[in-house]
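Data block below; observations after.
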There are 2 protein chains.
Amino acid sequence: MNTAPSSGSTPASAPEQPAPAAPRWLTADEQRVWRAYLHATTLLEDHLDRQLQRDAGMPHIYYGLLVKLAESPRRRLRMTELAMHAKITRSRLSHAVARLEKNGWVRREDCPSDKRGQFAVLTDEGREVLRRTAPGHVDAVRQALFARLTPEQQKSLGEIMQIVAEGLQPNEAGADLPWLR
Amino acid sequence: MNTAPSSGSTPASAPEQPAPAAPRWLTADEQRVWRAYLHATTLLEDHLDRQLQRDAGMPHIYYGLLVKLAESPRRRLRMTELAMHAKITRSRLSHAVARLEKNGWVRREDCPSDKRGQFAVLTDEGREVLRRTAPGHVDAVRQALFARLTPEQQKSLGEIMQIVAEGLQPNEAGADLPWLR
DNA sequence: GGGTGTTCCTTGAACCTTGAACTATCTCGG
DNA sequence: CCGAGATAGTTCAAGGTTCAAGGAACACCC
């Protein structure tokens, strides 16, 4: 049996519960939901990855990095901050920025106040790539997702994803819940 | 710019349409939903990948391959079928099976009726790995997803993901829509 | 039986990701 | 100042993914 492997940091729920709702396997309904989730997310991820690889010459996540930079104050962000925004490791970001730098879309700048630090800065060329490719990407997202869902479904999806994200990364940016436990 | 988003009806959009429902960018609400989606799905994917890498020694998608095989008639599936079930390319599957074979969890068998064909067959050892690791994986999925959603949300999520998946892979198993267009 | 085209699957090179080890810098208590 | 320990970011090696190319078997047609 099982030894409750992860369990460790359950946030709100009382940890001592006998948990009658932890059966060995998923119910038939849950299985259907889970499979639909897996299918949809992998298909969408692949779809967008290919779309961007084709139209912008980079994978989806790299594109996301450029977007984050474009939205940031002086079009720059510290490496660690950027990594957190994008939900990736610093290592991965390091490689990604190296590649984007090679393409001329991002440049690095030393941080004056912390000599360990680096800023990733969106170049004009990077900005231009975004400007050129954003519409196509938005269309792809809209056609694959929003165009197919009712407003109620969109709302529901947002709420659900918000919950899931917070469950996996409790201290989300902007959230300032006191650190229970 | 703005609203009146859905209404678009069919995806078979004529390129010449004025397309009043295709604004340049997402609305604020859509953006929130989209970002929540990206955060949640990348976090969950990473979470499960790490969980399985740690507990079963393979990434999530490889685990999924073993599950598919375990559910199949003689614990075997033709390569192409397996690739379609898992929503991956045949090339990727080829590499994946090579690795799983090296681990002793899958073995290949020639198809007698089609000499081009190969079966991927789950070995006893592979079955054993599944038996050992499935509970932990199910717990992880439950804790990250189902435990946090109301029954209504679960239902809604299932419907939404079903729609999205079908949009991206119209000829899904069971669906037999004629090929309009 | 010799085209022509398709399907099944594999291969190799290029690229991306991961996790751990590593350098350099900062911080803070003595 | 010193040193222990945290933090910022990179690097290395191992592995995973993609894309384009290719070999082999099938199918059909004359």
Side-chain angles (χ1 to χ4, degrees), chain A residues 41-43 45-66 76-103 105-121, chain B residues 41-43 45-66 76-103 105-121:
Chain A
T41 53
T42 55
L43 287 171
E45 172 73 20
D46 283 9
H47 181 64
L48 295 181
D49 251 352
R50 282 185 227 287
Q51 184 264 319
L52 280 171
Q53 190 68 57
R54 176 166 49 75
D55 296 351
M58 69 190 123
H60 189 198
I61 191 129
Y62 285 35
Y63 180 88
L65 296 175
L66 298 189
R76 73 194 54 209
L77 234 30
R78 286 287 294 271
M79 294 295 281
T80 296
E81 264 181 301
L82 181 50
M84 287 190 313
H85 279 305
K87 265 84 186 157
I88 64 178
T89 61
R90 288 199 295 281
S91 169
R92 186 173 176 183
L93 179 62
S94 217
H95 291 295
V97 168
R99 202 270 227 182
L100 292 173
E101 199 172 20
K102 203 175 299 181
N103 288 4
W105 298 335
V106 163
R107 114 183 85 83
R108 285 178 220 246
E109 264 182 38
D110 290 345
C111 174
S113 64
D114 184 342
K115 282 175 190 161
R116 297 167 302 179
Q118 291 271 101
F119 283 102
V121 187
Chain B
T41 53
T42 56
L43 286 171
E45 172 72 20
D46 284 8
H47 181 63
L48 295 181
D49 252 352
R50 282 184 228 288
Q51 184 263 319
L52 281 172
Q53 190 68 54
R54 176 167 49 74
D55 297 349
M58 67 189 126
H60 188 198
I61 191 130
Y62 285 34
Y63 180 88
L65 296 176
L66 298 190
R76 73 194 53 210
L77 234 30
R78 287 285 295 270
M79 294 293 281
T80 296
E81 264 181 301
L82 181 51
M84 287 189 315
H85 280 305
K87 265 82 186 162
I88 64 178
T89 62
R90 287 198 294 280
S91 168
R92 186 173 175 183
L93 179 63
S94 217
H95 290 294
V97 167
R99 202 271 227 181
L100 292 173
E101 200 172 18
K102 203 176 301 183
N103 287 13
W105 299 334
V106 164
R107 117 182 83 83
R108 285 178 220 246
E109 264 183 35
D110 291 344
C111 175
S113 64
D114 183 342
K115 282 174 187 157
R116 295 166 304 178
Q118 292 270 104
F119 283 102
V121 187

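Just so we're on the same page: letters track the sequence lines, and every chain starts at 1. As the structure is a prediction and not an experimental result, all values here were calculated from the model. Hydrogens, waters and symmetry mates play no part in the numbers below; they use all other heavy atoms, side chains included.
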- [ ] Grab the CZ-P distance between A/Arg99 and C/dA14 for me, whole Å please.
- [x] 15 Å
Task: Rounded interatomic separation in angstrom, taking CD from A/Gln118 and P from C/dC26 - done: 13 Å
- [ ] Please determine, for the side chain of A/Ile61, which listed nucleotide (D/dT17, C/dT17, D/dT10) has the closest atom?
- [x] C/dT17
TODO: Kindly say if A/Arg92 contacts the phosphate of C/dC16, meaning a side-chain N or O under 4.0 Å from OP1 or OP2.
DONE: no
TODO: Between B/Asp46 and B/Ser91, name the one whose nearest nucleotide on DNA chain C is closer to the 5' end.
DONE: B/Ser91
Open item on the list: Using heavy-atom distances to pick each residue's nearest nucleotide on DNA chain D, tell me which of A/Arg50 and A/Arg108 is more 5'.
Closed with: A/Arg108
Task: Nearest-Å distance for atom pair NZ/P, residues A/Lys87 and C/dT17 - done: 17 Å
Open item on the list: Over all strands shown, is A/Thr80 touching base, sugar-phosphate only, or nothing at heavy-atom distances under 4.0 angstrom?
Closed with: sugar-phosphate
Contact list (N/O, under 3.5 angstrom) for nucleotides 24-29 of chain D vs protein:
residue : atom : partner  : partner atom : Å
D/dC26  : OP1  : B/Lys115 : N            : 2.9

- [ ] Quick one: closest heavy-atom pair of B/Glu101 and B/Arg108, and the distance?
- [x] OE1-NE, 2.9 Å
Task: Heavy-atom donor-acceptor pair, B/His95 side-chain to C/dC9 base, under 3.5 Å - done: no
- [ ] Write down the distance between NZ (B/Lys102) and P (D/dG16), rounded to a whole number of angstrom.
- [x] 9 Å
- [ ] Find the distance A/Gln53:CD to D/dT18:P and express it as a whole number of Å.
- [x] 10 Å
- [ ] Check the distance between C/dT10's P and B/Leu100's CG and give it to me in whole angstrom.
- [x] 12 Å
Open item on the list: By the 4.0 Å heavy-atom rule, please label A/Tyr62 as base, sugar-phosphate, or nothing.
Closed with: sugar-phosphate
TODO: Please report the closest heavy-atom contact between B/Trp105 and B/Ala56, naming both atoms and the distance.
DONE: CH2-O, 3.6 Å
Task: Pair A/Gln53-A/Asp49, side chain to side chain donor-acceptor pair (under 3.5 Å): steps then yes or no - done: CA-CA 6 Å; A/Gln53 190 68 57; A/Asp49 251 352; over 6 Å; no
